[in-house]
K.L.:
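I'd like to ask you about the structure that follows.
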Amino acid sequence: GAVVSQHPSRVICKSGTSVKIECRSLDFQATTMFWYRQFPKQSLMLMATSNEGSKATYEQGVEKDKFLINHASLTLSTLTVTSAHPEDSSFYICSARAPASGLAGQETQYFGPGTRLLVL
Amino acid sequence: GNSVTQMEGPVTLSEEAFLTINCTYTATGYPSLFWYVQYPGEGLQLLLKATKADDKGSNKGFEATYRKETTSFHLEKGSVQVSDSAVYFCALGSGGFKTIFGAGTRLFVKA
């Protein structure tokens, strides 16, 4: 099946630094990718929708200058947490929208394994 | 707005026990409903889905029926295995592939 990878899987950084997380679709082209955030023992919250070649669409309450999203190619989207602070520590998960396949295929969304960010 | 509520965990069962994880939703229109599973250290995987009322999604022995009258999509399995230990997320698909997730229910299955 389709695979989505994320890099790094885990990152620890100092407060005030910026961290970039990559999301790649490995065997399909994804015009749309999504970035989610998951706090411990809580649900996934959609942060933004990343569209190849255009600006990302952010959900209400998500600071676009804080969480920079770049979808430069059909297989790569990046999330940069700028000037990270301890409250940004979380589990960040991306997903990619795969095109329909087969006669009765439907578009499907595939999730990456997540990136755990710890800001000290 | 749209939302998903699922039973709190953790749920601990013995092998071969019957599993039910409750999920109810609030939505306008006719959303698609999903169950995702997250095994330790891995990403989310789609377990099953249903796209309209009375549809039954099934996969790997798990089943869930889209009940519009009760706005529910409860997950069931007749006989769980240790390998089913994971976190299960109920989710609702709204327009444009946006997915709203429940809080997740952790399942532990003991041998």
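So you know, we letter chains A, B, ... as the sequences are listed, proteins then strands, and number each from 1.
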K.L.:
Between A/Ile93 and chain B, which part of the residue has a heavy atom less than 4.5 Å away: side chain, backbone, both or neither?
P.N.:
side chain
K.L.:
Is the count of non-hydrogen atoms from other residues, nucleotides or ligands lying under 6.0 Å from A/His7 atom NE2 greater than 12?
P.N.:
no
K.L.:
Find out if a path of hydrophobic residues (ILVMFWY) with successive side-chain heavy-atom gaps under 4.5 Å connects B/Val109 to B/Leu19.
P.N.:
yes
K.L.:
Is the distance between the ring centroids of A/Phe111 and B/Phe101 less than 6.0 Å?
P.N.:
yes
K.L.:
Assigning hydrophobic clusters by single linkage (Ile, Leu, Val, Met, Phe, Trp, Tyr; side-chain heavy-atom cutoff under 4.5 Å), is B/Val4 placed with B/Tyr66?
P.N.:
yes
K.L.:
Got a sec: does the CD of B/Glu16 have more than 12 other heavy atoms crowding it under 6.0 Å?
P.N.:
no
K.L.:
Can you confirm whether A/Lys66 is buried at NZ, in the sense that more than 12 heavy atoms of other residues, nucleotides or ligands lie under 6.0 Å from that atom?
P.N.:
yes
K.L.:
Hey, could you give me the CD/CD distance between A/Gln38 and B/Gln38, rounded to the nearest 0.5 Å?
P.N.:
5.5 Å
K.L.:
If the contact rule is any heavy atom under 4.5 Å from chain A, which residues of residues 29-37 of chain B qualify, in numerical order?
P.N.:
B/Tyr36
K.L.:
Do the side chains of B/Val11 and B/Leu47 join up, straight or via other hydrophobic residues, at under 4.5 Å, putting them in one cluster?
P.N.:
yes
K.L.:
Is A/Gln6 close to chain B through its backbone or its side chain, or both, or neither, when contacts mean heavy atoms under 4.5 Å?
P.N.:
neither
K.L.:
Is there any residue in residues 112-120 of chain A with a non-hydrogen atom under 4.5 Å from a non-hydrogen atom of chain B, and which ones are they?
P.N.:
A/Gly112, A/Pro113
K.L.:
Taking atom CD of B/Glu8 as the centre, does the number of heavy atoms from other residues, nucleotides or ligands within less than 6.0 Å exceed 12?
P.N.:
no
K.L.:
What part of A/Phe91 lies closer than 4.5 angstrom to a heavy atom of chain B: side chain, backbone, both or neither?
P.N.:
side chain
K.L.:
Are A/Trp35 and A/Val62 connected, step by step, through hydrophobic side chains (Ile, Leu, Val, Met, Phe, Trp, Tyr) whose heavy atoms are closer than 4.5 Å?
P.N.:
yes
K.L.:
Does one hydrophobic cluster hold both B/Met7 and B/Tyr88, with members joined at side-chain heavy-atom distances below 4.5 Å?
P.N.:
yes
K.L.:
Measure the spacing between OH of A/Tyr36 and OG1 of B/Thr99 and express it to the nearest 0.5 Å.
P.N.:
4.0 Å
K.L.:
For A/Met45, does the CE atom sit with more than 12 other heavy atoms under 6.0 Å from it, leaving out its own atoms?
P.N.:
no
K.L.:
For the residue pair B/Gly102 and A/Ser43, what are the closest heavy atoms and their distance?
P.N.:
O-OG, 2.6 Å
